[in-house]
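Each chain gets a letter, A, B and so on, in the order the sequences are listed, and its residues count up from 1.
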Amino acid sequence: MRKALMLIARRASTVAQNSPSPVTNSKLFVAGLSWSVDEKSLKDAFSSFGEVSEVKIIYDKDSGRSRGFGFVHYSDEEEAKRAKDAMDGKALLGRPLRISFALERVRGAPVVVPRLSHMEDAFNSDS
DNA sequence: TATGAGCGT
């Protein structure tokens, strides 16, 4: 009985770590940017709420134009929360900003290439 | 130059 509750609690915490629902990250997803906004102007627009460690704006590969959204990294999560509450809905360069917490993007996630060098022999020897 | 919700190497 107690063990079942413990298992449920452990599973709930695991789900909470993997689900991006109310996860207050220190990274903000900033959308609604004007296409003339670059990372510099975005940084000093957000650096008045805390220490901005990194700013990245996503640009389109072939047009070179900004895709209208970017990411603002804060060194502290409370600063990110305050900046979100302060800047969400407000306008930068005439465009209203849509700010939410960034969902955790892990680099190298879809790279699943297990060892199959020893299986190549079995595939090649079927002549 | 036309565009306007969204989650990035």
Side-chain angles (χ1 to χ4, degrees):
Chain A
M1 183 59 182
R2 290 262 302 259
K3 290 180 65 176
L5 291 180
M6 296 264 303
L7 287 179
I8 291 175
R10 269 172 42 87
R11 178 159 173 77
S13 82
T14 304
V15 169
Q17 285 179 358
N18 293 359
S19 85
S21 334
V23 183
T24 65
N25 250 342
S26 59
K27 311 159 197 52
L28 292 181
F29 169 72
V30 182
L33 293 175
S34 176
W35 293 310
S36 53
V37 176
D38 55 344
E39 298 177 350
K40 175 186 176 304
S41 56
L42 185 62
K43 177 172 182 178
D44 53 50
F46 277 81
S47 57
S48 57
F49 302 99
E51 286 192 26
V52 177
S53 61
E54 185 178 352
V55 171
K56 178 166 283 285
I57 289 183
I58 309 304
Y59 292 96
D60 193 59
K61 282 181 277 297
D62 23 62
S63 67
R65 192 185 62 244
S66 164
R67 290 178 62 184
F69 66 91
F71 298 91
V72 177
H73 282 43
Y74 278 95
S75 58
D76 187 51
E77 304 182 7
E78 303 300 324
E79 296 175 347
K81 184 182 173 60
R82 288 198 301 261
K84 174 184 176 302
D85 291 337
M87 291 293 288
D88 193 13
K90 301 198 71 174
L92 179 63
L93 261 56
R95 301 291 303 188
L97 264 46
R98 308 183 47 240
I99 304 181
S100 56
F101 291 101
L103 32 87
E104 198 58 46
R105 195 74 217 173
V106 117
R107 49 179 175 178
V111 183
V112 181
V113 182
R115 293 229 145 281
L116 49 87
S117 57
H118 58 283
M119 300 179 66
E120 291 178 357
D121 296 338
F123 288 152
N124 294 337
S125 64
D126 60 349
S127 16

- Query: Just checking Gly70(A): base, sugar-phosphate only, or nothing, at a heavy-atom cut-off of under 4.0 Å?
  - Reply: nothing
- Would you check, one step at a time, whether the test side chain to side chain contact (heavy atoms under 4.5 Å, CB included) holds for Leu42(A) with Phe71(A)? CA-CA 9 Å; Leu42(A) 185 62; Phe71(A) 298 91; over 6 Å; no
- In whole angstrom, give the distance that lies between atom CZ of Phe101(A) and atom P of dG6(B). 19 Å
- Item | Passing option when Leu33(A) is tested against Leu97(A), Leu93(A), Ile58(A) for side chain to side chain contact (heavy atoms under 4.5 Å, CB included) | Leu97(A)
- Item | Residues clustering with Trp35(A) (ILVMFWY side chains joined when closer than 4.5 Å, directly or via others) | none
- Atom pair distance, as rounded to whole Å: NZ in Lys61(A) and C1' in dG8(B): 9 Å
- Have a look at Tyr59(A) and say if it touches a base, only the backbone sugar-phosphate, or nothing, with a 4.0 Å heavy-atom cut-off. nothing
- Return the value, rounded to whole Å, for the distance between atom CG of Leu92(A) and atom P of dG4(B). 20 Å
- In whole Å, what is the span from the CG atom of Asp88(A) to the C1' atom of dG6(B)? 14 Å
- Nearest-nucleotide pick for Arg95(A), side chain only, options being dG6(B), dG8(B), dG4(B): dG4(B)
- Query: How many Å lie between CZ on Arg67(A) and C1' on dA5(B), as a whole number?
  - Reply: 11 Å
- Identify whether a stacking contact exists between Trp35(A) and dT3(B), where the ring centres must be under 5.5 Å apart and the planes under 30° apart. yes
- Query: Are Phe49(A) and Val72(A) side-chain neighbours, meaning at least one heavy-atom pair lies under 4.5 Å?
  - Reply: no
- Task: Report which part of the nucleic acid Ile99(A) touches: base, sugar-phosphate, or nothing (heavy-atom distance under 4.0 Å, all strands).
- Result: nothing
- Round to a whole Å and report the spacing from CG of Leu28(A) to P of dG8(B). 16 Å
- Note on the structure: When Arg98(A) and Arg65(A) are each assigned the nearest nucleotide of DNA chain B, the 5'-most assignment goes to Arg65(A)
- Item | First of Leu33(A) and Phe29(A) reached from the 5' end of DNA chain B, by closest nucleotide | Leu33(A)
- Atom-to-atom span, CG of Leu97(A) to P of dG6(B) - whole angstrom: 15 Å
- Using atom CG of Asp60(A) as one end and atom P of dG8(B) as the other, report the distance to the nearest whole Å. 13 Å
- Query: Can you check whether Phe69(A) stacks with the dG8(B) base, using ring centres under 5.5 Å and planes within 30°?
  - Reply: no
- Side-chain heavy-atom pair Lys81(A), Phe101(A) within 4.5 angstrom cut-off: yes
